[in-house]
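Here is the structure we will look at.
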2 protein chains.
Amino acid sequence: MNVVYLSDADARNRRAELVRASARLFRERGFDATTIRDIAQACGMRSGSPFYHFKSKQEILVAVMEEGLVAGLVTIEGIAAQPLAPRAKFRALVRTQLEFMLGEGHDFIPVLLYEWRALDEALQPRVLALKERYDALWHAMVVELKDAGLIQADPTVARLFILGSLTSAVQWFRPEGSISLDQLADDAVAMFLHSR
Amino acid sequence: MNVVYLSDADARNRRAELVRASARLFRERGFDATTIRDIAQACGMRSGSPFYHFKSKQEILVAVMEEGLVAGLVTIEGIAAQPLAPRAKFRALVRTQLEFMLGEGHDFIPVLLYEWRALDEALQPRVLALKERYDALWHAMVVELKDAGLIQADPTVARLFILGSLTSAVQWFRPEGSISLDQLADDAVAMFLHSR
DNA sequence: CCTACCGATCGGTAGG
DNA sequence: CCTACCGATCGGTAGG
């Protein structure tokens with residue numbers, strides 16, 4: 001029953017491939033509209049084979065969310081730790097956030113943002129802890145901006161509005177369009193930060 | 001085959017009831033996760049009965065989107081037509097938009113925003129025309145603000161960021177929480193409009 | 001990882 | 001609008 005059909009290394013590779021393909025499909029079609037058969041086919045497998053690597057479709061979703069969030073968090077926390085002036089740090093954080101939401105091959109964060117509801121409540125705590133680290137980091141950034149007089153609104157609402165507007169770009173940004181991620185970051189800074 | 005089981009008036013009422021219940025369910029659970037049986041039950045019908053009023057589940061979705069959009073558009077256009085100063089008009093538009101997204105019983109616009117992908121491509125044009133009127137109105141508002149020196153960023157990006165951040169409130173705003181829609185509107189004005 | 005399959009669910013329909 | 005039902009799809013499993 002518990003016979004091994006793949007070497008450890010092969011199994012790890014195939015698992016990673018499943019997570020990557022699932023992220024892309026979940027992002028493009030949504031979790032509910034993506035079938036296990038779609039995922040298997042995208043990796044050249046038969047329909048039952050993903051279950052060699054994951055207990056359930058929900059476990060695939062949680063893997064997509066966790067792995068994407070961990071990768072993004074490490075990068076973002078690295079930037080937040082740099083000794084930059086508030087305005088420059090904000091610009092750098094925004095630019096990185098945009099990269100993780102809109103850049104080539106970065107399907108994980110959009111899935112996290114748009115498929116949260118599809119995740120079984122029992123599994124949500126596993127992702128929530130990471131999400132909170134994310135929010136805490138941005139909250140500190142916004143408070144720093146407010147102390148510097150660059151933001152006037154309530155910090156919590158400001159944080160939610162800023163992240164919300166960046167998030168919304170997932171819906172309308174087109175990489176082949178005329179606007180670049182750098183321009184987008186500049187516009188965000190111009191919009192959200194007042195001059196003193 | 002085409003026998004009539006309800007009077008015209010009854011049929012209209014039941015249809016409206018189906019649209020209202022569907023809007024709420026689509027908003028709460030998503031389109032894919034809502035079954036015809038859920039909708040029927042919410043209206044005290046049996047599972048096959050919604051198809052007396054609608055050809056398909058997709059037709060229910062399009063009805064939800066169209067009816068919500070038409071209602072919102074009429075109200076929003078009324079405000080845009082008022083002779084208000086740019087800052088005051090912006091505040092009024094934001095407040096109304098928040099009402100239609102977050103207010104009691106207003107499930108239509110969130111469904112439009114979050115279930116667009118679930119709508120068959122063949123049906124999208126029916127809703128797109130209304131959406132464009134919406135965007136045009138907001139675009140004119142943003143240009144007016146830019147001319148008045150209250151916004152500095154590119155008008156298209158500014159419009160998308162503003163609507164995106166308001167839209168995001170659907171995900172985190174809780175009516176029973178400590179913040180009111182009026183405060184939210186004030187914070188949006190403080191965030192997005194610079195002083196001259 | 002594959003083959004073969006099950007059990008449940010779901011959108012939709014025929015007929016009254 | 002109800003009853004009774006179909007056909008397809010889908011997540012998941014047994015066994016090798």
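Because only heavy atoms are used, hydrogens play no part in the values below, and waters and symmetry mates are left out as well, while side chains stay in. Throughout, protein chains are lettered first and strands after them, A, B, ... in sequence-line order, and every chain is numbered starting at 1.
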Checklist line | With Leu166(B) via side-chain contact (heavy atoms from CB on, under 4.5 Å) - residues at least two apart | finding: Phe161(A), Val94(B), Gln97(B), Leu98(B), Met101(B), Trp138(B), Ile162(B), Ala188(B)
Notebook entry, point to check: Taking for each residue the nucleotide of DNA chain D with the nearest heavy atom, is it Tyr5(A) or Gln58(A) whose nucleotide lies nearer the 5' end?
Noted result: Gln58(A)
Check: Does anything in residues 41-53 of chain A reach DNA chain D, meaning a heavy atom under 4.0 Å, and if so which residues?
Finding: Gly48(A), Phe51(A)
Checklist line | Set of side chain to side chain donor-acceptor pair (under 3.5 Å) partners for Gln124(A), sequence neighbours left out | finding: none
Check: Which parts of residues 31-39 of chain B get close to DNA chain C, meaning a heavy atom less than 4.0 angstrom away?
Finding: Thr34(B), Thr35(B), Ile36(B), Arg37(B)
Check: For DNA chain D, what dot-bracket results from Watson-Crick or G-U pairs at under 3.5 Å, with [ ] for crossers and | for inter-strand partners?
Finding: ||||||||||||||||
Notebook entry, point to check: So, the side chain of His106(A) versus the backbone of Glu99(A): is there a donor-acceptor pair under 3.5 Å, distance only?
Noted result: yes
Check: Of all residues at least two apart in sequence or in a different chain, which pass the side chain to side chain donor-acceptor pair (under 3.5 Å) check with Gln171(B)?
Finding: Tyr114(B)
Note to self: What is the distance, to the nearest angstrom, from the NZ atom on Lys57(B) to the C1' atom on dG12(C)?
What the structure shows: 12 Å
Item checked: By salt bridge (charged side-chain N to carboxylate O under 4.0 Å, His left out) - contacts of Arg133(B) (at least two apart) -> Glu77(B)
Note to self: Restricting to salt bridge (charged side-chain N to carboxylate O under 4.0 Å, His left out), what partner residues turn up for Asp107(B), sequence neighbours left out?
What the structure shows: Arg27(B)
Next item on the list: Please report, rounded to the nearest Å, how far the C1' atom of dG11(C) is from the CZ atom of Phe26(B).
Entry: 12 Å
Item checked: Listed partners of Arg20(B) passing salt bridge (charged side-chain N to carboxylate O under 4.0 Å, His left out), at least two apart -> none
Next item on the list: Please name all residues satisfying side chain to side chain donor-acceptor pair (under 3.5 Å) with Glu17(A), sequence neighbours left out, ordered by chain then number.
Entry: Arg14(A)
Next item on the list: Using salt bridge (charged side-chain N to carboxylate O under 4.0 Å, His left out) as the criterion, list what pairs up with Arg126(A), not counting sequence neighbours.
Entry: Glu59(A), Glu66(A)
Note to self: I'd like to check the side-chain contact (heavy atoms from CB on, under 4.5 Å) partners of Arg29(B); sequence neighbours left out, ordered by chain and number.
What the structure shows: Leu25(B), Ala33(B), Thr34(B), Asp38(B)
